[in-house]
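Have a look at the structure below before the remarks.
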Amino acid sequence: MSITELLHIEYPILQGAMAQIAKAPLVAAVSNAGGLGIIASGGMSGEELRAEIKKTKTLTDKPFGVNLMLMMTNIEELTAVILEEGVKVVTTGAGTPKTYMPIWKEAGITVIPVVPSVMIARKMEQLGADAIVAEGTEAGGHVGETTTMALLPQVVDAVSIPVIAAGGIGDGRGIVAAFALGAQGVQMGTRFLATEECPVHENFKLACLNAKDRDTVVTGRRNGAPVRSIKNKMIKEYQRLEEENVDRDVLEELTLGSLRKAVQEGDTENGSVMAGQITGMITEIKPVSELMQEMVAQAKQVANELTIK
Ligand code: TUI
């Protein structure tokens, strides 16, 4: 079954779940444009998630999903809300959904874990995942080590469920490249961040517009939670402290509430501006529907014109 059939959507394009950002306005806009919008539940309480699901339902009658960041401590509560609200698609990140898989499958939910390696992809297939997102280190936020270019074909060869590519995809050319490597769909976060409908502080969008190809960096590899974000004052301080081998608590204190600072207050110097490497190719903030139409048209054209001489 194709990704579009599995998810009942028009185009095989998923919107990556960005904590505190991927809320009803963006999610509904992506679903209305023919892709799959996904609510990021990371950082939400159960009741906040319920409100966001209800709001999304008022803005679209198309399918949408919810992402669960498995490092969250209130997963039980969030899972209950997903079941009560009849959510049809769940993506997971930053851990294993093993405990919840039987309940979700029982409820007929389509489960799509996001994975950074072949080993974890295999594990998710064995647990009963319907598809997987293979996410390369080009992505924003919490990332693995391997690039999309190298990871994708290896994951495609290792599993028999459909594979969706993520990390480093920012336009129609990236979509064709992912399909050439065996993906059946793509997930894009950063590109959807710089859209009119995206409910993130304007300064965050401007930081993405201004960033060049080498302006993102991964920090936190040493303490086991590597995160890619746009270099700024806070990140430089973090790198300095990391080099000094300071205690974990010191680093945690620096990053405490940093995502909120950037996303809600627009403090892009002291906040955490999580974004992927494709941020360097974003030159314009546009409506989601226009972006979607352009990307699909470009992908079709690029695919048609491919010749290897
Ligand atoms: O989850 C993400 N990206 C994220 S989550 C996030 S929120 C956050 N905020 C502050 C600090 C850290 C995170 C921001 N970005 N992507 C999906 C992803 N999942 N990448 C890597 C993984 C992953 C890692 C280990 C998935 C599974 C896994 O292990 C599973 C196992 O079985 O051991």
Side-chain angles (χ1 to χ4, degrees), residues 14-23 38-44 65-75 78 90-101 111-129 131-148 151-152 155 158-159 163-169 186-190 192-193 200 204 216-230 234-235 238 248 251-264 271-277 279:
L14 285 67
Q15 160 254 307
M18 299 166 283
Q20 297 184 32
I21 298 172
K23 296 182 172 189
I38 299 174
I39 297 173
S41 67
M44 287 184 186
V66 171
N67 173 265
L68 286 169
M69 217 279 269
L70 294 162
M71 289 189 328
M72 292 284 299
T73 50
N74 64 338
I75 294 288
L78 298 172
V90 167
T91 64
T92 66
T96 174
K98 188 174 179 181
T99 321
Y100 312 99
M101 209 65 151
V111 184
I112 310 181
V114 181
V115 304
S117 72
V118 168
M119 189 186 73
I120 299 174
R122 282 211 176 98
K123 203 156 115 184
M124 297 303 167
E125 180 179 41
Q126 276 162 13
L127 289 176
I132 41 171
V133 175
E135 186 184 69
T137 193
E138 298 93 320
H142 182 57
V143 288
E145 301 268 358
T146 313
T147 61
T148 301
L151 177 67
L152 199 51
V155 170
V159 299
V163 178
I164 296 159
I169 303 167
V186 296
Q187 173 170 282
M188 301 166 73
T190 306
F192 283 120
L193 200 151
V200 66
F204 203 120
T216 72
V217 66
V218 176
T219 51
R221 285 208 195 277
R222 207 172 298 176
N223 59 17
V227 168
R228 180 179 302 283
S229 52
I230 295 177
M234 187 273 288
I235 291 295
Y238 191 103
R248 242 170 202 241
L251 292 173
E252 271 170 25
E253 199 181 310
L254 182 67
T255 53
L256 192 72
S258 62
L259 188 59
R260 182 187 46 78
K261 247 186 236 172
V263 169
Q264 274 147 45
S272 168
V273 189
M274 293 187 196
Q277 290 184 329
T279 190

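Just so it is clear, the structure is predicted and the values come from calculations on it, not from any experiment. Heads up: numbering here begins at 1 and tracks the sequence. Both ligands and their constituent atoms are indexed starting at 1 by order of listing.
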- [ ] Begin from the C-alpha positions of Glu125 and Ile132 and carry the test side-chain contact (heavy atoms from CB on, under 4.5 Å) through to its verdict.
- [x] CA-CA 8 Å; Glu125 180 179 41; Ile132 41 171; over 6 Å; no
With sequence neighbours excluded, residues passing side chain to side chain donor-acceptor pair (under 3.5 Å) with [X]:
{"X": "Gln264", "value": "Gln20"}
{"X": "Gln187", "value": "none"}
{"X": "Arg248", "value": "none"}

Task: Flag side-chain contact, heavy atom, 4.5 Å: Lys98 against Lys123 - done: no
Task: Student check: side-chain heavy atoms of Met44 and Met72 closer than 4.5 Å - done: no
TODO: Tell me the residues surrounding ligand 1, counting only those with a heavy atom closer than 4.0 angstrom, sorted by chain and number.
DONE: Met69, Met71, Gly93, Ala94, Gly95, Thr96, Val114, Pro116, Ile120, Lys123, Glu135, Gly141, His142, Val227, Met274
